[in-house]
Structures are given as structure tokens and as C-alpha cells.
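Convention: sequence-line order gives letters A, B, ...; per-chain numbering from 1.
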Amino acid sequence: MWRTCLLLGSALWLAAIAPADAGSAYVSNEKGNTVTVIDTDSWSVTNTIKVGQRPRGIEFSRDGKFVFVAVGDDDTIQVIDTRTQAIVDTLPSGPDPELFTQDAAGKVMYVANENDNTVTVIDLEKRARLGDIQVGVEPEGMTVSPDGKILINTSETTNMAHFIDTASRQIVANVLVDPRPRFAQYKHDASELWVSSEIGGTVSIVDPAKHAVTGKIEFAIPGLRREAIQPVGIGITRDDKTAFVALGPANRVAVVDAATHAVSKYLLVGQRVWHMDFTPDEKYLLVTNGISNDVSVIDVAAQKVIKTIQVGELPWGVTIAKP
Amino acid sequence: MFRWLIGAIAASIVVAHALAAEPVEIGIGYLGRPGTKETLSLIEQPAANNGVAGAQLAIEDNNTTGKFLDQHFTLEEIHLKPNADAVQAATALVEHNGFIIADLPADELVKVADALRERGTLLLNAGATDDRLREEDCRASVVHVAPTRSMLADALGQYLVWKQWRRWLLVVGSHDADKLYADALRRAATRFGAKIVQERSFEDTGGARRTDSGVTLIQRQMPVFTQQAPAYDVLVAADESEVFANYLPYRTWDPRPVAGSAGLVPTSWDASHDQWGAIQLQNRFVKLNSRRMTALDMQAWTATRMIGEAASRTNSGDARKISDFIRGPDFQIAAFKGKPLTLRDWNLQLRQPILLADGRMVVSVSPQEGFLHQFSELDTLGVDKPETKCKLR
């Protein structure tokens with residue numbers, strides 16, 4: 001059923017029908033083996049969906065009709081139909097999938113498989129595995145460049161960002177960053193790639209053309225040890241002016257001037273803040289707080305936490321439909 | 001003495017980089033004196049490759065990274081026979097290797113370090129927990145990856161105090177190692193405000209650890225041994241020699257938990273540890289070795305990864321450059337403990353959180369919340385800078 005929908009998912013067809021689930025955020029709860037659905041107008045929990053074991057990476061399909069969730073301990077990616085909010089299919093990822101990304105058209109998915117040092121390439125229409133790319137030890141962070149030509153994968157024990165040509169599926173460059181790189185995010189103008197290092201405590205700014213680290217964002221919070229500051233999730237606004245960085249057990253989200261890379265503010269959120277996503281209008285940013293089992297809602301313009309929503313056990317990732 | 005070379009992975013590496021230059025070879029020596037140690041519990045019997053199996057996995061990890069940097073790591077192993085001379089073996093190893101990962105008793109480690117001093121070879125102590133190696137017997141050429149007895153004892157002590165089990169009944173074995181561990185436990189009690197209400201010593205009178213129907217005898221012995229103790233909260237056993245501690249749980253006269261060498265055990269690693277991405281390392285280890293990962297395996301893995309990490313950061317295969325970087329201010333290593341591990345610059349001991357495991361699960365991880373330190377909470381474990389007797393040279 002969903003396969004036919006995807007096949008029909010051309011631009012025209014999409015324009016005619018609004019996404020089924022524009023005002024919803026889906027949160028993966030790593031320990032609870034559930035996905036919590038939040039209504040982003042009323043900020044209330046509307047549903048809790050039982051999924052496979054250890055759900056972590058979570059993302060809407062490009063057409064907004066499905067939510068993909070990587071269930072690592074079941075070695076697969078489950079597909080949730082956002083209309084019925086039921087699991088309708090699975091994707092053939094490799095073992096222990098954690099994070100994944102899709103190309104702009106929503107036709108190809110790239111999955112980081114932590115257990116065998118590979119990135120798996122999946123054809124989303126055929127639900128078939130197209131191949132594997134050998135990368136460093138413990139692949140994790142995944143993103144595609146704005147022009148779609150380069151796939152970035154970070155490997156946590158090799159401590160590199162691998163630049164992979166999406167056409168040839170060959171690694172074209174490797175950039176060494178600080179220990180345990182977790183997440184990678186391009187600026188929308190493609191001028192910079194940001195890579196967070198959980199154990200290194202920094203965000204590396206990489207020049208995507210030169211394949212070189214050109215700067216590092218460091219964080220200092222009065223009263224907190226350096227070791228407690230562990231950057232993970234990154235969100236950059238569409239105008240590339242403001243960035244938010246989740247600092248893990250520091251229980252704060254840093255607000256960063258994306259042009260100067262200066263940290264302007266630390267927002268106190270819940271415990272062990274991990275990943276984040278913006279609402280489509282970028283008015284709000286939702287961040288997952290693993291240990292306090294909640295999601296904080298940040299007012300992006302005011303740079304304030306306005307709401308906390310209880311979700312399932314150990315919330316990890318969050319995705320919000322983009323119309 | 002027998003030795004062999006691990007170079008098998010070489011063939012698979014070069015493929016990815018058709019245009020790449022010849023990779024830089026980085027040789028690491030592993031020098032171990034296999035323990036003939038008998039354990040009370042059958043499931044704790046060390047495997048023949050205990051320790052070195054961790055180094056072998058880290059060589060694979062280093063080479064996965066190395067293929068992107070044109071670096072290739074090899075491991076040359078020497079497992080000493082009972083009468084073999086460690087210094088002679090070490091001298092042979094440094095012919096082809098810039099580093100030695102050592103799992104040696106304290107005396108031999110010092111001898112090897114002194115013999116190689118002129119060459120400047122970096123030794124990474126993966127096995128010996130003796131505090132004196134980081135204190136009066138410290139050497140500028142020896143980095144300590146294994147935690148010390150005092151770090152282990154402090155990790156346990158903090159937890160017991162946090163749990164409000166402040167009254168300890170200390171039972172000490174009759175061997176030197178047991179007494180050293182007991183010293184560390186007494187020191188921990190004093191530091192963190194616990195009280196040792198009584199000490200008892202358990203004589204090793206010899207005899208086999210495994211006998212048919214031995215369990216009947218033990219069930220009678222242990223309650224008797226622990227009766228008439230003053231009121232206490234927890235029995236703390238110092239028995240590195242595996243003579244009695246594992247007989248104590250469920251057999252004490254008073255119904256009390258056991259900690260130290262049995263029951264709740266402080267350790268650098270446990271097969272059940274799965275936090276902070278550790279599950280990935282555990283999975284890789286089981287896949288390679290068809291058994292679970294021990295503390296010694298982890299210490300050897302960490303030592304080997306430290307060399308790999310320094311080789312990536314310096315983008316060099318030069319042993320001197322790598323060794324200096326490891327001992328320098330910018331070195332840190334990720335080792336699945338939730339925070340970066342760094343070296344104490346005054347004695348080259350690796351700072352690390354210590355797990356408290358009961359044989360099935362990790363119960364807690366020290367340092368415990370609330371034990372504060374002006375520089376690093378990890379320095380609440382073990383001998384701290386102001387107390388050190390080490391003068392690095």
C-alpha cells in the first residue's frame with residue numbers, strides 16, 4: 001500500500017494534497033520501545049505507538065506520509081503510516097541501524113550501521129538494499145549536502161567525517177574531528193558543515209570544499225565540568241543565522257550565532273538533551289531530554305523554553321513534518 | 001618462549017585507496033606473563049588470550065581508521081613462559097616495535113622500563129594495579145592504563161558511603177596482593193567516612209579450589225567464619241588471590257551484602273556494561289573472540305587505541321611523536337565510559353570512571369555524585385596530586 005503511495009509521490013501530486021500530518025512531532029523513546037506523537041498546536045500527546053526494540057533515529061519521509069524509525073536491536077527500520085499511525089512496513093537496513101538520512105527527492109535512504117562499519121544504501125521505492133559503503137569504526141551521524149552530491153557520515157571511534165560521493169558511492173575525503181563525532185549538519189547555503197563531538201566537547205566547523213576543519217565551537221558553562229558538556233544534536237535555522245546545539249548531560253541547549261560561531265546563550269532544558277527538530281515555520285524547536293523523559297519546546301525567536309511535554313522512556317530523536 | 005606475528009589484516013586494507021601511498025607501518029609489541037591463576041568460580045577462569053584479545057580488536061579498529069590516513073598497525077605478541085626473562089623479551093620486541101603494551105607483575109615492569117630507558121620506548125601498563133608503580137616506582141616512560149588498587153577501592157568506598165553502608169567488616173586474605181588491596185580499602189574508608197568495625201584475616205591453607213562435594217563444607221565454614229562480628233552493614237573482602245571471597249555471598253552469619261573481591265566488585269570493565277555506546281564494542285569483541293570481554297581485555301584495547309588515537313592526531317607513525325602526544329596536554333581518549341579519559345600529568349595514570357559490577361549487571365559507576373574535586377571528579381579516585389610520591393624521570 002505505502003509503496004504505491006510513494007510511487008505516486010510526484011511533485012504535482014504532493015502539491016495537490018496537503019501532508020496528512022503537518023502539525024505533529026514524532027519522538028522515539030529508546031528505552032520505552034515506543035514513538036510518542038505530539039500535536040504541535042496544542043503541545044499535547046495524541047498517541048503512543050508501540051514499535052520495535054531500541055528506537056533511535058527517526059525522520060519523516062519527504063512526502064510527509066510516513067515516519068521512518070530505526071529500531072537498532074531489531075536490526076531494521078520500521079515505517080509508520082502517519083494517517084493510521086500504524087507500522088506498515090520495514091526497510092532492509094544492516095545490523096543495528098541508528099541514524100539515517102534521505103536524499104532530497106526521498107528516493108534513497110542512507111543508514112549508519114554501528115555494528116559493521118558500513119553505511120547501507122536503500123532504494124525507498126523498491127524497499128531494496130542497493131549496496132553498502134565501508135566507513136570508519138561505529139558510523140553514526142548522517143547528512144546529505146544541499147546539492148545532493150555528497151553524503152556525510154561520521155564514525156564515532158575513528159573520529160572522522162567521511163565525505164562520500166553519492167553518485168559513485170566512494171569516499172572522496174576524510175576529515176579528522178574531535179572524539180566521538182555524533183551528528184553532522186550542513187548550513188543551508190552549503191558553506192559549512194558542522195560536526196558535534198560528544199566526548200571532545202566541541203562542534204567542528206568544516207569547510208566542505210577544502211575538506212578541512214576551519215574552526216571549533218567550544219562551550220563553557222559556569223559550575224559545570226568540561227567533561228559534562230557533550231554536544232550531540234545540531235539545528236540551524238533556514239536563514240543560517242542561528243544554530244542550536246544540544247549539550248547532553250550538561251542539560252542545556254547552546255544558542256550559537258551561526259555566522260560568528262559565538263555562543264550567545266545557554267537554555268536550561270531537561271536532563272541529557274539529545275536531538276532536535278524545528279516546526280515548519282521555525283517558530284519552535286523541540287528537543288528530547290533522555291533522562292527526564294520529556295521534550296522541551298523552545299521559542300526560537302525569544303530563545304526561551306516555553307513548555308515541557310512528558311513522553312516515553314528515554315526520548316532520543318524527534319521529527320516534525322515539513323510541508 | 002614463543003611468539004608470532006599478527007599481520008593478517010594487511011591484505012584487505014589497501015583496496016580502498018587505489019592511489020594511496022604505501023601505508024606507514026606502526027608496530028606495537030604485547031608482552032604478557034599469562035596468569036596461571038585459578039579462580040573459585042569456573043565462569044571466571046581467564047581465557048588463554050585474556051588481555052591480548054582486546055589489543056587484537058583495537059588493532060582492527062586502528063586499521064579501519066588507518067586506511068583513511070595511510071597508517072597500518074601490527075601487533076607482535078610475546079607470551080612469557082614461567083622461566084622466561086621479561087627484559088630479554090622486551091628487548092627483542094623493541095627491535096620492530098615503537099611501543100610495548102605490558103601485562104607484567106610490578107617488579108618485572110620496573111625492570112623492563114629501566115632496561116629500555118635509554119631507547120625511550122613507551123610502555124603502556126595494561127595489567128598491574130600496584131599503586132607503587134605510579135608513586136615511588138613511577139617512570140616517565142610508563143603510562144598506566146590499568147586502574148590502581150586505590151582507584152578501585154575508592155570507587156567502591158564512595159558507593160558504599162553513598163548507600164549509607166558505612167560500617168564495614170573487612171576480611172583480608174593472607175597473600176601480599178590481598179594485603180595491598182586491604183591497605184587501599186582502609187584508605188578509602190578513612191577518606192570517605194566509613195568505619196571498619198573489625199578486621200579478620202583468612203589464611204590460605206592450600207588445597208584445591210575445585211573438589212566434588214566441596215560446597216557442603218563451604219556452607220558450614222563460611223557462617224562460622226563470619227559469626228560474632230560487631231554490628232556491620234557490609235562485608236568487604238580483599239582476596240585478589242581467589243581463596244575465599246566468592247564463597248562469602250549468601251553464606252555470612254548475618255544477612256549482609258558482600259563487596260570488594262566478590263559480590264559488588266569495582267572494575268575497569270564488565271561483560272555486562274552497555275552504556276555510552278559500549279554495546280558496540282562488546283558486540284565487536286564477541287564477534288572476534290567468541291567470548292565476553294574482561295577488564296584486562298579492555299585495558300589492552302584502550303592502550304592499543306591510545307597509540308592509534310595519537311597516530312591519527314599527529315598524522316604520524318613516528319614512535320617518539322606519538323609517545324610525546326600521548327603524554328602531552330591535548331591527549332584524550334574515548335573508551336565508552338561516558339567521558340573523555342585523560343592522563344594524570346604527575347604520574348601518567350589514566351583517569352577513568354570505575355564500574356561496580358555484581359557479575360551480572362553494572363550496579364553503579366563511580367565517581368559518585370557529590371564527591372567533588374577542584375579539577376576533575378575523576379581525581380577523587382586514587383592517589384591525588386598533592387599526596388603523590390612520584391617524581392617522573
Side-chain angles (χ1 to χ4, degrees), chain A residues 31 54 56 72-73 75 95-96 98 112-118 133-140 153 155-163 170-182 197-202 211 223-230 232 248-250 272 290-291 314, chain B residues 12-13 15-20 57-58 60-71 274-284 286-287 301 305 308-309 311-315 330-342 351-353 367 369 372-379:
Chain A
K31 195 165 194 295
R54 209 173 177 207
R56 285 182 288 176
D73 283 359
D75 300 328
D96 198 13
E98 182 168 350
N113 298 125
E114 291 203 312
N115 265 355
D116 61 0
N117 304 342
T118 57
I133 304 162
Q134 283 293 315
V135 291
V137 184
E138 295 166 25
E140 165 109 9
N153 163 252
S155 47
E156 290 176 327
T157 290
T158 291
N159 301 328
M160 283 179 182
H162 305 288
F163 285 65
Q170 294 291 314
I171 293 179
V172 290
N174 302 287
V175 177
L176 198 64
V177 293
D178 282 342
R180 234 176 140 69
R182 294 296 295 242
S197 289
E198 182 191 5
I199 291 292
T202 58
H211 304 134
L224 269 192
R225 300 271 172 216
R226 199 178 135 251
E227 301 98 81
I229 298 171
Q230 302 183 353
V232 182
R272 205 204 75 170
I291 295 181
L314 257 175
Chain B
S12 62
I13 304 300
V15 193
H17 273 225
L19 299 168
L57 176 61
E60 285 199 2
D61 288 349
N62 284 352
N63 278 331
T64 303
T65 302
K67 73 183 173 198
F68 303 117
L69 294 167
D70 291 323
Q71 294 177 338
D274 63 357
Q275 298 288 291
W276 302 302
I279 184 74
Q280 298 165 48
L281 180 67
Q282 302 275 23
N283 287 340
R284 283 208 298 284
V286 171
K287 202 167 158 188
W301 182 88
R305 273 291 303 133
E309 178 69 11
S312 326
R313 295 292 161 195
T314 55
N315 195 16
D330 297 326
F331 181 78
Q332 55 180 354
I333 183 86
F336 309 96
K337 299 276 186 79
K339 46 183 83 168
L341 311 189
T342 54
R351 291 184 180 93
Q352 54 194 295
E369 214 176 337
L372 304 178
H373 191 276
Q374 61 183 132
F375 302 116
S376 165
E377 265 110 48
L378 292 174
D379 286 344

Side-chain contact test, heavy atoms from C-beta onward, threshold under 4.5 Å: evaluate it for [X] versus [Y] and give yes or no.
{"X": "A:Thr157", "Y": "B:Arg305", "value": "yes"}
{"X": "B:Ile279", "Y": "A:Arg54", "value": "yes"}
{"X": "B:Asn283", "Y": "A:Glu114", "value": "no"}

Quick check for you: to the nearest 0.5 Å, what is the distance between [X] atom [atom1] and [Y] atom [atom2]?
{"X": "B:Ile333", "Y": "A:Ile199", "atom1": "CD1", "atom2": "CD1", "result": "10.5 Å"}
{"X": "A:Leu176", "Y": "B:Phe68", "atom1": "CG", "atom2": "CZ", "result": "11.5 Å"}
{"X": "B:Lys67", "Y": "A:Ile171", "atom1": "NZ", "atom2": "CD1", "result": "7.0 Å"}

- Item | Structural part of B:Phe375 lying under 4.5 Å from a heavy atom of chain A |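 It is the backbone, since no side chain atom gets that close.
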
- Item | B:Glu309 side chain to A:Asn159 side chain, donor-acceptor N/O pair below 3.5 angstrom |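 Checked: B:Glu309/A:Asn159 side chains pair up, N/O donor to acceptor below 3.5 Å.
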
- Message: Heavy-atom cut-off 4.5 Å, strictly under: side chain, backbone, both or neither for A:Val175 against chain B?
- Response: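 A:Val175 has no heavy atom closer than 4.5 Å to chain B.
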
- Query: With respect to chain B, which residue among A:Glu227, A:Arg180, A:Glu138, A:Arg226 yields the maximal number of heavy-atom pairs within a distance under 4.5 Å?
  - Reply: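 Greatest number of close heavy-atom pairs with chain B: A:Glu138.
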
- Query: Of the listed residues (A:His162, A:Glu198, A:Glu156), which shares the most heavy-atom pairs with chain B below a 4.5 Å separation?
  - Reply: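 Looking at each option in turn, the highest pair count goes to A:His162.
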
- Give the member of B:Gly308, B:Ala335, B:Gly277, B:Gly338 that has the highest number of heavy-atom pairs under 4.5 Å with chain A.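 Looking at each option in turn, the highest pair count goes to B:Gly338.
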
- Item | Minimum-distance pair of heavy atoms, taken over all atoms of A:Gly200 and B:Gln332 |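 For A:Gly200 versus B:Gln332, the nearest heavy atoms are CA-NE2, 3.7 Å.
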
- Side-chain donor or acceptor of B:Arg284 paired with backbone N/O of A:Val137 under 3.5 Å: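 Looks like no, no N/O pair under 3.5 Å.
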
